Amino acid sequence: MANKPFYITTPIYYPSDKLHIGHAYCTSLADTIARYKRLAGNDVFFLTGSDEHGQKIQRKAVELGISPKEYVDKIVASFKNLWEKLSISNDDFIRTTDQRHREVVQTIFQKIYDQGDIYKSAYEGLYCTPCETFWLERQLVDGKCPDCGRAVETVQEESYFFRMSKYQDKLLAYIEENPDFIQPVSRRNEMINFIKGGLEDLCVSRTTFDWGIPVPFDTKHVVYVWFDALVNYITAAGYLDNKNKFDKYWPADVHLVGKEIVRFHSIIWPVILMALGLEIPKMVYGHGWLVVEGDKMSKSKGNVIDPIALIDEFGADAIRYFLLREITLGNDGNFSRDALIQRINADLANDLGNLLHRTINMINRFCGGVITASSATEPIDEELIKLVKATATDYERLMDNFDLNSTIKSIWALISRANKYIDETGPWALAKDAAKKERLNTVLYNLAEVLRIVAILISPFMPNTSPRIWQQLGLSYNTKTIKLSDAQHWGLLPVETKVATPEPIFPRIEEKEQVPVLEVKPEPKVVVPETPEVTIEDFAKLDLRVVRVLAAEKVEKADKLLKLTVDLGSEQRTIVSGIAKHYLPDELVGKDVVMIVNLKPAKIRGIESRGMVLAASSGDLLKVVTAEGMPSGSKVK
């Protein structure tokens, strides 16, 4: 429904240390959903922020000899810098040190106290300072915090308690009656079991430190950090200061959080709202952890990934694409530099980048740079158009279900089909026959129209790439006016549009092995062995042509060999090449390489190889010879 309100939040991040790739992952997830909802016509409110109070912050600031506010200000600035680099489109950034938030926390604390749901008592128990969490002894694992595995402290102090136990049955009934409230299902089952184990009244104030929001009626107490933090979602929605805004956006449509804090959001937070008489958010979605090379990130292991450095090296859209493509929402996902580079090379450079570059290049070469339409269509065109429409329809369904990973796969299946469409229709061959000009125009229009639509579909995931694609198509991309329906209708690309000069949007990354230098020695003189001279007639005997790699796979029980299927333009061939130690199979698919076509066939590991791919080598370095953008079958002279 157009203009329907949609409210999405990230957790408010705790500024206790440096940024890591997990911050980028969660916020990119939320941003992608928010951008999709805007594209679909929703009135979106997207909130992120920082959770700045608590004992851990105060202790860290004391260690550094600065005030807690000075400490958090610096880290909050780094959050905002990261969001800017990632093109995060949040509508608000809330800080729990904001005056507006302080007023809301004190107001609702007073209200819940006045109705008898907060009472004073003495607390003696176990507390995990890093997690800012109270625990019962029976909840510990080997005597340590069950969440982070670190030691807990015995705490004795006068405290105020929130009657969580009063709302246990009501909360359990709500969760069971609203199966979508906690997602995925595995998290929901965990929370149901936790509640059935019995809810204890929650300690909601502290007196042993003062970095927090004072309890309004007893200022020697500060409000417990989790009670304070969770309230941010209604502060930003206008609970006290903007009734119209609050009525529009509350309850939130989805709180997107890490799985380790689902319990706070699906148990403590709903009970606070029940005590206030407010509606409960529609969904709490607990995403998985990002692990590095199969191991959870931690400072002690030295495997914390700095997202700023990654963005500076590879670009924000490449990082966003990798995180959202590689990880299924709700599951843990693995991050590795090698996997990132493979995705960039295979998906972004070879598939999307190659489709754009070839299309724009052919429009410039064969049509004077002008997109011209034709009404003539063939079955292959109808098949492509049908896939485009199906992809746009599936896109909406998948995105509404937050199935971002499957959405990307669906879009890339369309991109792969469009690349294959080029090879099947052969625009370079059509361009040689004046009688086929109309057919050529149709093929190139279809390719440009696919790219126009693909750019819209990927815009929530890769917001900086879509305008670059449209610019090369000769179009102006305006996020405020472009709608999802523009991708659901074929044929909106204006004819007589003048395309730009093709430019690579994702240059291929060639990783060089880093070898430590232990000692500098004079390089030995390289003696190049003499080779016999050849005549032009000798060279003419070699039939060198450009071929496109359609498929590649490793040869069984052969570490050095790859089996390649290549398109020669007029036919397809199978060749065996000894380059497996230098290229992964996926890295070669879609590449335009140079091959000796008239080499005598040979049987290698039982496979008939009809040709040889040319490659250049120097020491351990080897690269295949490419002729990107050249039609399959082009003669190398």
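Residue indices begin at 1 and follow the sequence shown. Only a predicted model underlies this, so the values are computations on that prediction, with no experimental measurement involved.
Not counting sequence neighbours, the partners of Asn331 by the side chain to side chain contact (heavy atoms under 4.5 Å, CB included) test are Thr328. Not a single ring-ring contact (aromatic ring centres under 6.0 Å, His included) links Phe46 to another residue, sequence neighbours left out.
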**Report entry** Derivation of the side-chain hydrogen bond (donor to acceptor under 3.5 Å, both in side chains) call for Asp31 and Ser89
**Finding:** CA-CA 6 Å; Asp31 182 67; Ser89 62; 2.6 Å; yes
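Side-chain contact annotation: Tyr321 with Asp347, donor-acceptor N/O pair under 3.5 Å present.
For Asp486 (side chain) and Ile482 (main-chain N/O), no donor-acceptor pair under 3.5 Å exists by modelled atom type. Looking only at distances, no side-chain donor or acceptor of Asn42 sits under 3.5 Å from a matching main-chain atom of Val44.
Sparse packing is recorded around NZ of Lys144, with 12 or fewer heavy atoms of other residues, nucleotides or ligands lying under 6.0 Å away.
The pair Asp423-Arg358 meets the salt-bridge criterion, with a side-chain N (NZ, NE, NH1 or NH2) lying under 4.0 Å from an Asp/Glu carboxylate O.
Ring geometry for Trp250 against Trp269 counts as perpendicular: the plane angle is over 60°, on a 0 to 90° scale with 30° as the lower cut. Using cut-offs of 30° and 60° for the angle between ring planes, the His287 and Tyr25 rings count as perpendicular.
Under a cutoff of 6.0 Å and an axis angle of 45°, Lys282 and Phe181 do not form a cation-pi pair.
Among Thr10, Thr27, Asn90, the one residue that satisfies the side chain to side chain donor-acceptor pair (under 3.5 Å) test with Thr48 is Thr10.
The two atoms that bring Asn464 and Ala316 nearest to each other are ND2-CB, 4.5 Å, heavy atoms only.
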